[in-house]
Amino acid sequence: MEYDGAGQAGSVLGRLLGERADLRPRARDLKSLVEAEVAAANELATNSGVEAVREALAATNPEALERQKQVKRTGLKELPNATEGEVILRFAPNPNGPLTIGHARGVSINSEYARMYSGKVVLRFDDTDTRVKTPLPEAYDWIETEYEWLAGRPADIIIRASERMPIYLEYATKMLEGGFGYVCRCSAADFKALRDASQACPCRPRSVEANLADWSAMNDGSISEGEAVVRVKTDLDLPNPALRDWPALRIQHTPHPMVGDAYKVWPLLDFQSAIEDHLQGVTHIVRGKDLMDSTRKQTLLYEHFGWTYPEPLYWGRVKVHEFGGFSTSGMRAAIADGDYSGWDDARLPTLSALRRRGFDSQALREFWLDLGLTQKDISISMQTIESFNSSVIDSRCERRSFVREPLSLSLDASGVGGAPESVAIARHPHGDIAGVREWVLGPEILIETADAGIGSLRLKDLADVNIDAGAARASVEAWDRMDKRPIIHWLPTEMGRPARLSRPEGDEICIESGILEDVDLEEGAIIQLERVGFARIDSIPTDGLVELLYLHG
RNA sequence: GCUCGUGUGGUGUAGUUCGGUCCAUCAUGACGGACUCUCGAUCCGUCGACCCGGGUUCAAAUCCCGGCACGAGCACCA
């Protein structure tokens with residue numbers, strides 16, 4: 001029936017066996033039986049019409065008329081080995097700048113898992129590099145705020161690695177004392193050559209005492225940068241050369257912006273993160289798959305300490321079409337050069353920029369949760385995020401008229417008479433927001449120059465008009481809507497004030513000037529400009545231009 | 001090169017653990033239509049995918065083998 005008399009015996013058999021596992025051993029016998037039945041049904045459908053089959057079915061087996069479709073699983077996949085109430089996750093950004101749209105994935109997923117299992121999220125600042133990715137002191141607070149904005153609640157535990165240095169150094173000492181770590185004085189290049197050949201470096205077999213002596217020399221500053229590094233001993237025959245005797249701590253004499261020059265030796269991510277995850281009792285680590293080797297290195301360290309490694313999960317690389325590649329350090333340099341006005345410059349993919357433009361945290365969060373957690377490298381489009389955002393904000397954005405490149409016309413109602421003194425237009429078309437905007441009608445109106453060429457138009461909520469050839473007069477043909485002519489937005493001249501709309505276009509900011517409806521404008525509000533799109537009111541000076549920041553269509 | 005990972009419509013995702021109820025889910029997009037006094041919203045419809053080749057099986061997106069493509073790591077960055 002479903003296939004118009006062209007049913008396939010094979011798929012019928014498939015369904016049957018799927019439901020009746022007990023019949024599977026007799027599949028071969030069944031096949032001929034099913035073929036005969038399907039042929040009969042097809043014949044009935046062909047000869048007597050599909051309706052006959054429907055009737056026959058309704059009489060014998062009515063529930064078969066309903067076809068069930070598969071449904072999409074919603075929400076995040078279950079966390080492996082998770083116990084309700086005992087899940088601890090972590091989100092560990094480098095505070096060398098504020099959060100970007102990519103970080104939003106980490107915040108959304110970690111906080112959502114914590115919510116699902118009544119667990120906790122540790123917000124940890126991995127700020128143990130004083131030179132290459134120097135921490136930005138302001139960024140700590142920014143990130144805490146941005147985390148809370150996106151997650152809907154603050155992080156449960158907040159930690160700064162730089163404040164916990166004594167602990168890491170102590171564990172490094174334990175490692176040396178335990179003989180599963182050593183101080184290596186080889187140059188990076190020499191070590192790499194030995195490592196790639198699965199050869200031990202000369203420093204490896206030295207005694208614990210010799211290592212501890214070098215260790216204190218590293219810490220008191222008498223060994224200079226690059227002259228020594230602490231390594232974790234591993235099997236040198238590991239198939240992956242990257243894991244062999246990996247570096248755990250190195251010397252950095254550059255002062256740390258938060259703790260100054262108190263330390264000469266700083267742990268690398270793999271060491272610091274491993275120790276801290278254990279101390280915080282982290283049960284699940286969600287990280288980028290570029291950190292898979294990190295998991296393997298850290299697991300080797302956990303084996304030395306006799307600890308159990310958390311459950312790791314990974315996501316793939318994310319690219320945003322509209323932004324291409326970006327890095328926090330790259331943005332930091334560009335801002336310093338004056339290419340951008342700041343971290344919240346509308347062209348930047350930072351959370352502060354998106355927030356300023358009017359993206360809703362809930363929409364961002366829903367977007368990332370909808371993508372879920374997969375290891376595929378993906379390329380997403382802002383369009384999709386914008387669509388999530390529209391559905392969240394539409395019902396709470398009032399409408400306003402913004403006439404770009406305004407053209408002044410006299411409104412001539414002499415043909416029909418009965419011109420109203422004012423019009424009342426809903427603040428929101430479905431009444432999601434109550435109330436109206438009152439427009440006092442004068443002798444002149446403004447329309448967009450681009451609309452003037454059409455000739456026969458409907459001024460939204462007012463009248464069907466004809467624009468004369470000189471584009472100077474709009475003659476009212478009727479107040480009520482008479483036909484399907486295009487509807488345009490407009491404005492009585494005295495109801496508006498000058499404004500300009502900034503719209504990020506790739507690396508440029510394009511500016512459109514016009515006249516904005518001057519009714520209850522509120523700084524910071526997100527409004528929908530009719531026929532233009534959503535925008536945020538950035539500033540309303542006492543006199544001068546109102547600044548509008550474009551959000552999306 | 002070595003090591004690891006990933007391949008489902010244009011994009012993103014569900015289904016893959018344990019083959020069958022999958023002529024493959026949902027969202028976004030594109031196209032068409034309805035409705036609405038916005039190019040917004042809503043509603044309806046259409047389009048469009050299991051990387052390739054073998055194998056196992058009554059039956060493969062799912063299992064096996066072999067390719068190919070893409071990505072990442074191989075930093076004294078995170």
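Quick note on labels: first sequence line is chain A, next is B, and so on, each numbered from 1.
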For [N] and [M], measure between their [atom1] atoms and round to the nearest Å.
N: B/C51; M: B/G71; atom1: C1'; result: 15 Å
N: B/U11; M: B/G48; atom1: P; result: 15 Å
N: B/U13; M: B/C35; atom1: P; result: 38 Å
N: B/U6; M: B/C65; atom1: P; result: 15 Å
N: B/G10; M: B/C31; atom1: C1'; result: 13 Å
N: B/G29; M: B/C70; atom1: P; result: 30 Å

Just to be sure I understand the rule, does [X] reach a base, reach only the sugar-phosphate, or reach nothing, if contact means heavy atoms closer than 4.0 Å?
X: A/Ser379; value: sugar-phosphate
X: A/Asp126; value: sugar-phosphate
X: A/Thr128; value: sugar-phosphate
X: A/Arg458; value: base
X: A/Leu238; value: nothing
X: A/Gly316; value: nothing
X: A/Gln375; value: sugar-phosphate
X: A/Ile487; value: sugar-phosphate
X: A/His430; value: base
X: A/Arg399; value: base
X: A/Thr374; value: sugar-phosphate
X: A/Pro429; value: base

Give the ring-plane orientation class for A/His103 versus A/Phe91, where under 30° counts as parallel, over 60° as perpendicular and anything between as tilted.
-> perpendicular

What class does the angle between the rings of A/Trp490 and A/Trp439 fall in, given that below 30° is parallel, 30 to 60° is tilted and above 60° is perpendicular?
-> perpendicular

Please confirm whether any donor atom in the side chain of A/Lys460 sits under 3.5 Å from an acceptor in the base of B/C37, or the reverse.
-> no

Check whether any side-chain N or O of A/Thr128 sits under 3.5 Å from a backbone N or O of A/Leu268 as a donor-acceptor pair, and report yes or no.
-> no

Donor + acceptor pair across side chains of A/His489, A/Glu448 (<3.5 Å) = yes

Nearest to the side chain of [X] - [options]?
X: A/Gln528; options: B/U38, B/A72, B/C76; result: B/U38
X: A/Thr384; options: B/A78, B/U28, B/U38; result: B/U28
X: A/Gln383; options: B/G29, B/C2, B/C76; result: B/G29
X: A/Asp129; options: B/C77, B/C76, B/U8; result: B/C77

Between P of B/A75 and CG of A/Asn240, the distance in whole Å | 11 Å

